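Source: prediction; values computed, not measured. Just so it is clear: chains get the letters A, B, ... in the order the sequence lines come, proteins before strands, and each one is counted from 1.
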Amino acid sequence: MDYQFREIEQKWQKYWADNQSFKAEANSDKPKYYVLDMFPYPSGAGLHVGHPLGYIASDIFSRYKRLKGFNVLHPMGYDSFGLPAEQYAIQTGQHPAVTTETNINTYRRQLDQIGFSFDWSREVRTSDPAYYKWTQWIFMQLFNSWYNLETDKAEPISTLIHKFNEAGSADVKAACDDDTRSFLPTDWAAFSEEEKQVELLKYRLTYLKESTVNWCAALGTVLANDEVKDGFSERGGYPVEQKKMMQWSMRITAYADRLLQGLDTIDWPEPMKEMQRNWIGKSVGASVKFKVEGNDKQIEVFTTRVDTIFGVSYLVLAPEHEWVAELTTPEQKVDIESYIAQTKKKSELDRMADAKTVSGAFTGTYVINPVSGERVQLWIADYVLAGYGTGAVMGVPSGDQRDWLFATHFNLPIIQILDAQKDIDQQADATKEGKYINSGFINGMEYKEAVAFLNQWLEDQGVGKAKVNFRQRDAIFGRQRYWGEPIPVYFKDGLPYLLKEEELPLVLPEIDKYLPTETGEPPLARAEGWKYEDRYEYELSTMPGWAGSSWYWYRYMDAQNDKAFASKEAVAYWKDVDLYIGGNEHATGHLLYSRFWNKFLKDLGFVQEEEPFKKLINQGMIQGRSNFVYRLSIMQNDGNKFYFISKSWADKWYKSDGYSQSLINEMGIDFSFEGPNKERSISLSGIHVDVNIVENDRLNIQKFRAWRPEYQDAVFIFEDGTISSPTGGGQEGAYICGVEVEKMSKSKFNVVNPDVLIAQYGADTLRMYEMFLGPLEQSKPWNTNGIEGVFKFLRKFWRLFHNEAWEFTVSDAEPTKAELKALHKIIKKVQDDIERFSFNTSVSSFMIAVNELTDLKCNKRAILQDLVVVLAAYAPHICEELWSLLGNKDLSTAQFPVFNPNYLIEDEFAYPISINGKMKMNLNLSLTLEQEDATAAVLASEQVQGFLNGASPKKIIFVKGKIVNIVV
RNA sequence: GCUGAAGUGGUGGAACUGGUAGACACGCAGGACUUAAAAUCCUGUGCCCUCAACAGGCGUGCGGGUUCGAUUCCCGCCUUCAGUACCA
């Protein structure tokens with residue numbers, strides 16, 4: 001029979017499901033291999049053709065590893081809490097759990113059709129109480145922990161309490177809030193329970209604190225920094241403002257250094273690591289305190305160039321700095337206030353666009369440089385950010401271009417501090433070369449010496465010290481939304497307390513509608529009678545979207561466990577993710593938070609590895625490829641007329657800059673409008689057309705007529721200039737559409753649904769075609785143009801096993817040398833390609849192999865059986881069918897054929913002969929020949945002599961098995 | 001501006017450590033089969049000159065360099081995409 005992909009694919013998908021063919025073994029002698037996909041948020045739109053790209057790649061890898069003898073864990077699940085379901089619930093009143101369930105079913109159906117080897121017995125859903133019980137449990141562990149800087153890890157809060165009891169706060173080195181109190185053990189003992197809790201909260205790894213948050217009024221919730229783009233919410237694009245609120249936070253900054261160091265130990269794409277490094281933003285420098293003249297305040301600044309401190313000619317505060325009002329002299333008050341008013345008006349976007357213009361205002365106050373005792377002016381300026389460092393900066397115009405511009409603009413002194421600084425009257429020179437001048441006690445020193453000396457000096461004087469600063473802030477961990485994990489906390493006397501472990505999960509209560517209350521409280525406040533022990537108010541925020549995804553890979557290891565998030569044995573066996581495939585949009589969100597929670601869980605001994613994802617691959621984005629038809633509209637006195645003109649005519653139109661009578665004549669259009677503004681009554685517009693009725697940019701006229709009622713009688717001017725008959729029918733020319741690459745979206749009619757392609761070509765073709773498209777990591781527009789080629793390949797492959805009458809026929813004859821060579825070439829190629837994630841090149845190689853074997857008319861079992869296994873990871877259905885036709889069972893338990901290099905050994909090679917590096921001809925030479933004999937043979941060739949044309953070779957390069965180059 | 005990735009035929013792309021640039025596929029053109037179309041199969045296909053073949057010239061964003069030999073290495077520049085944004 002011909003290749004019947006529909007029946008074959010359905011048959012084997014059912015077989016795999018019925019037999020649980022891809023269930024990972026819990027205990028196995030085989031080495032483990034864990035392949036993870038970033039699990040999807042099940043959106044209402046379902047999968048488009050871009051989503052499965054990474055899943056296909058990881059599936060090929062998983063199936064390959066299985067054939068190579070690994071116990072493979074390859075699970076799938078759903079990140080099923082999230083805003084869209086809730087927005088939909090607000091609009092329709094439908095419970096988000098219901099729509100989520102529907103969406104998941106759609107996803108599952110679509111995923112199943114593609115033939116993935118997921119172990120569905122381990123499926124997880126973050127919105128399932130059996131799952132979020134453990135998300136809540138981890139939250140509780142974080143609440144019950146503090147970060148000990150001495151041991152450099154998280155510890156149970158009990159060890160901190162023990163320290164407080166024994167020695168008070170003195171010996172404690174912790175990652176904590178800035179406003180912790182100093183106390184003796186006797187003070188601690190005398191604290192009330194409430195006071196103790198207040199103090200401990202400042203140390204906990206998740207804590208409640210009044211913080212400035214990104215408040216999005218339109219979404220009614222706070223957003224994390226990585227959910228805000230240019231002052232607008234990433235989702236929806238609503239304005240975001242800064243607002244002070246009591247919020248749960250995660251003390252991720254405690255792990256900043258470890259998150260940074262860990263990057264050097266993992267195999268991730270460099271850009272991804274770089275993004276995380278930038279996000280964490282570590283800078284090494286010093287903090288220095290400047291005394292304010294006539295006030296007992298000290299302004300602390302952070303600098304990465306403490307060595308330039310003698311060059312300070314002014315100090316700047318951020319306009320939002322809380323001391324600004326107090327430190328402004330009465331004379332300057334008007335200036336400062338008008339400047340602040342001015343900066344407040346500027347949105348964040350304006351501030352960015354304005355980066356080049358210098359602005360600021362003098363407070364009238366002076367501060368004292370602690371190293372020189374000099375008094376310098378205190379300014380405010382919006383180039384200083386309140387949120388970074390201390391919100392105060394020292395200005396060193398000779399060494400920093402921005403400071404130089406500021407000083408020049410406001411006529412402040414520019415002091416040279418290094419003898420190597422050049423042209424500082426033209427611009428700043430940030431060199432670290434040379435020796436210090438005008439720099440008091442560091443005069444004559446060099447950079448390294450000066451930094452070390454100053455850091456020590458500042459510390460001795462108590463006016464500063466070496467300091468490391470991070471850009472990263474603690475992560476806000478609460479959303480004023482319904483569809484998320486409830487935070488397992490209740491409040492007693494205004495203080496937060498955890499639920500008992502056995503009270504988990506704290507299940508989301510039912511509410512009447514999914515909106516904030518009239519008083520602005522989160523939706524959970526609507527839940528009637530929802531109180532802890534019927535008395536205490538629960539926390540009304542829910543967890544942010546990233547909570548459930550920050551540990552899910554552990555749940556897959558032991559998904560049904562109700563005693564622990566995963567058993568110790570399961571964690572000990574699977575350890576970490578060997579290969580993680582997903583998009584790079586999660587660089588600073590999910591991937592950072594996951595590493596943070598992982599390190600925390602490791603500190604407490606729940607998991608074993610410092611890093612959860614050993615190797616990471618980013619699949620590129622699939623963009624949409626939109627098609628256009630060009631509609632020529634003619635407004636005439638007797639009504640409007642429309643012509644759809646094919647692409648080359650549209651091109652001509654645009655080239656002639658619009659209206660051209662000669663072009664209109666050429667197209668044979670009757671355009672008899674007379675009067676003024678003739679050219680304005682005719683216009684051309686490109687209109688998006690559904691890509692599903694276009695094939696290879698050629699419009700399917702009939703489908704187009706049926707697409708929209710108004711196109712039913714459309715008139716076309718085809719590529720060859722002929723005009724369609726208004727009623728359609730008959731023989732018609734080609735209408736070619738225009739093309740543009742855009743985001744894949746419904747409104748652009750460029751969404752390609754995998755279901756459609758699977759119906760037409762089958763899952764195996766889709767899988768291979770998605771890989772064939774290009775390197776996995778590259779972004780590219782989706783283009784269905786080449787899919788036929790892949791489908792033809794699979795038919796050709798099928799054909800190898802069948803005779804002219806489509807009867808399954810294989811021979812048991814001994815394979816020839818050429819056949820073995822073709823086979824072993826592909827074995828090696830696929831092995832190498834998969835190991836380096838170059839899936840596109842193996843698809844080409846499969847085509848070559850099948851072409852070769854077709855030419856050889858090979859239908860030998862000895863060859864084809866191995867070929868089936870080699871192709872199995874890419875096109876599992878057709879291979880499983882052929883495998884069973886060959887009389888075998890369960891391809892998933894087969895072994896990948898062993899490559900034998902002997903079959904590839906050649907005794908001759910067609911050497912390319914080049915003259916002066918230009919290839920001229922090929923010459924067959926024995927591969928046993930060495931330099932001397934080979935060159936002799938080359939020169940003896942008549943053809944070579946012909947090319948030399950009498951010239952005598954100066955030198956002959958001979959690279960065995962590669963090339964001969966004759967230099968004349 | 002900074003950081004990162006990329007730039008190869010009409011198109012997607014290949015060439016893995018410097019060694020035959022354009023594999024494989026799409027598209028296109030021609031042919032076979034067919035009453036016809038579809039499907040299938042065969043042939044050709046980087047560009048230029050040439051009726052054509054032979055031969056030749058030019059060709060991996062641009063300009064240089066290293067080398068017997070560069071898509072690959074080095075220097076400078078241009079363009080596109082992504083991330084980031086006054087980070088002290």
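- Using N1 to N3 plus N6-O4 or O6-N4 for Watson-Crick, or N1-O2 and O6-N3 for G-U wobble, each under 3.5 Å, B/G83 pairs with B/C2.
- The side chain of A/Lys792 sits closest to B/U40 out of B/A25, B/U40, B/A23.
- A gap of 25 Å separates the P atoms of B/C68 and B/C62, to the nearest Å.
- Nucleotides B/A5 and B/C75 are separated by 14 Å at their P atoms, to the nearest Å.
- Nucleic acid contact class of A/Pro775 (heavy atoms, under 4.0 Å, all strands): sugar-phosphate only.
- Of the candidates B/G19, B/C24, B/A14, B/A14 carries the atom nearest the A/Asn840 side chain, counting heavy atoms from C-beta on.
- The glycosidic torsion of B/G9 lies within 90° of 0, which places this base in the syn conformation.
- The aromatic ring centroids of A/Phe797 and A/Phe846 lie 6.0 Å or more from each other.
- Comparing B/A36 with B/G61, their C1' atoms are spaced 49 Å from each other, to the whole Å.
- The aromatic rings of A/Phe772 and A/Tyr769 sit tilted relative to each other, their planes meeting at an angle between 30° and 60°.
- At the heavy-atom level, A/Lys954 lies nowhere under 4.0 Å from the strands shown.
- We find that CG of A/Leu773 is positioned 16 Å from P of B/A25, with the value rounded to whole Å.
- Under the 30°/60° scheme for interplanar angles, the aromatic rings of A/Tyr388 and A/Phe302 are found to stand perpendicular.
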(message) Across nucleotides 53-72 of chain B, 5' to 3', mark each nucleotide with B, S or - according to how protein heavy atoms within less than 4.0 Å reach it.
(response) ---S-----------BS---
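- Both A/Gly774 and A/Met847 sit near RNA chain B, but only A/Gly774 has its closest nucleotide nearer the 5' end.
- Pairing for B/C54 is absent, judged as Watson-Crick or G-U wobble with the two contacts each under 3.5 Å.
- Taking atom C1' on both B/G69 and B/G18, the two are 8 Å apart, rounded to the nearest angstrom.
- Rounded to an integer number of Å, the gap from A/Lys960 NZ to B/G18 P is 21 Å.
- Rounded to whole Å, atom P of B/C2 lies 13 Å from atom CD of A/Gln401.
- Between B/C73 and B/G19, the two P atoms lie 11 Å apart (nearest whole Å).
- Between A/Phe958 and A/Tyr911, the ring-plane angle classifies as tilted under the 30° and 60° cut-offs.
- Taking CZ of A/Arg795 as the reference point, atom NE2 of A/His802 lies at 11.5 Å (rounded to 0.5 Å).
- Shown here, B/U45 forms a base pair with B/G27; the pair counts as Watson-Crick or G-U wobble because both key distances fall under 3.5 Å.
- As the counterpart of B/U71, no nucleotide is assigned, since no Watson-Crick or G-U wobble pattern has both distances under 3.5 Å.
- The nucleotide B/A14 finds no pairing partner, because no Watson-Crick or G-U wobble arrangement with both distances shorter than 3.5 Å includes it.
- Between B/A85 and A/Arg471, a contact under 4.0 Å exists linking OP1 or OP2 to a side-chain N or O.
- A 3.5 Å limit on both hydrogen-bonding distances identifies no Watson-Crick or G-U partner for B/U66.
- Enclosure of atom NZ in A/Lys960 by more than 12 non-hydrogen atoms of other residues, nucleotides or ligands within 6.0 angstrom is indicated.
- A/Asn851 has a side-chain polar atom (N or O) that falls below the 4.0 Å cut-off from OP1 or OP2 of B/A25.
- Across the protein-nucleic acid pair, A/Glu777 atom CD and B/A6 atom P stand 10 Å apart, rounded to whole Å.
- The distance from atom CH2 of A/Trp782 to atom P of B/C26 is 15 Å, rounded to the nearest whole Å.
- With both pairing distances under 3.5 Å, B/U20 is matched to nothing as a Watson-Crick or G-U wobble pair.
- What separates CG of A/Asp403 from P of B/A88 is a distance of 11 Å, to the nearest Å.
- The environment of NZ in A/Lys828 is sparse: at most 12 heavy-atom neighbours from other residues, nucleotides or ligands sit within 6.0 Å.
- The distance from the CZ atom of A/Phe839 to the CG atom of A/Leu53 is 10.0 Å, given to the nearest 0.5 Å.
- For A/Arg836 and A/Ala392, each mapped to the nucleotide of RNA chain B holding its nearest heavy atom, the one lying further toward the 5' end belongs to A/Arg836.
- Rounded to a whole angstrom, the distance from the P atom of B/G9 to that of B/A14 is 13 Å.
- Separating the CG atom of A/Asn584 from the P atom of B/G4 is a distance of 16 Å, rounded to the nearest angstrom.
- Closest contact between the side chain of A/Phe772 and the listed nucleotides B/C86, B/A14, B/A25 involves B/A25.
- In terms of phosphate contacts, A/Arg402 brings a side-chain nitrogen or oxygen within less than 4.0 Å of OP1 or OP2 of B/C87.
- Atom P of nucleotide B/G13 and atom CG of A/Asn783 are separated by 10 Å, given to the nearest angstrom.
- Of all nucleotides listed (B/U3, B/U40, B/G19), B/U3 comes nearest to the side chain of A/Glu274.
- With a cut-off of 3.5 Å on both Watson-Crick or G-U wobble distances, the partner of B/A32 is given as B/U40.
- Within a 6.0 Å radius of CD in A/Glu932, other residues, nucleotides and ligands contribute 12 heavy atoms or fewer.
- Within the nucleic acid shown, A/Gln778 comes within 4.0 Å of sugar-phosphate atoms alone, with no base atom in reach, counting heavy atoms only.
- Looking at heavy-atom distances under 4.0 Å, A/Asp832 makes no contact with the nucleic acid at all.
- You'll find that the side chain of A/Met275 is closest to B/G83, out of B/G13, B/G83, B/C87.
- The gap from the P atom of B/G65 to that of B/A25 amounts to 40 Å, rounded to the nearest Å.
- Taking OG1 from A/Thr765 and CD from A/Glu788, the interatomic distance works out to 9.5 Å, rounded to the nearest 0.5 Å.
- Taken from CH2 in A/Trp404 to CD1 in A/Ile414, the straight-line distance is 6.0 Å, to the nearest 0.5 Å.
- If you check every strand for non-hydrogen atoms under 4.0 Å, A/Lys829 touches a base.
- Out of B/A88, B/A39, B/A21, the shortest distance to the side chain of A/Met919 is found at B/A21.
- Within the nucleic acid shown, A/Arg625 has no heavy atom closer than 4.0 Å to any nucleic acid atom.
- OP1 or OP2 of B/G13 has not a single side-chain nitrogen or oxygen of A/Ser844 nearer than 4.0 Å.
- Taking atom C1' in both B/G44 and B/C78, one finds a spacing of 37 Å when rounded to whole Å.
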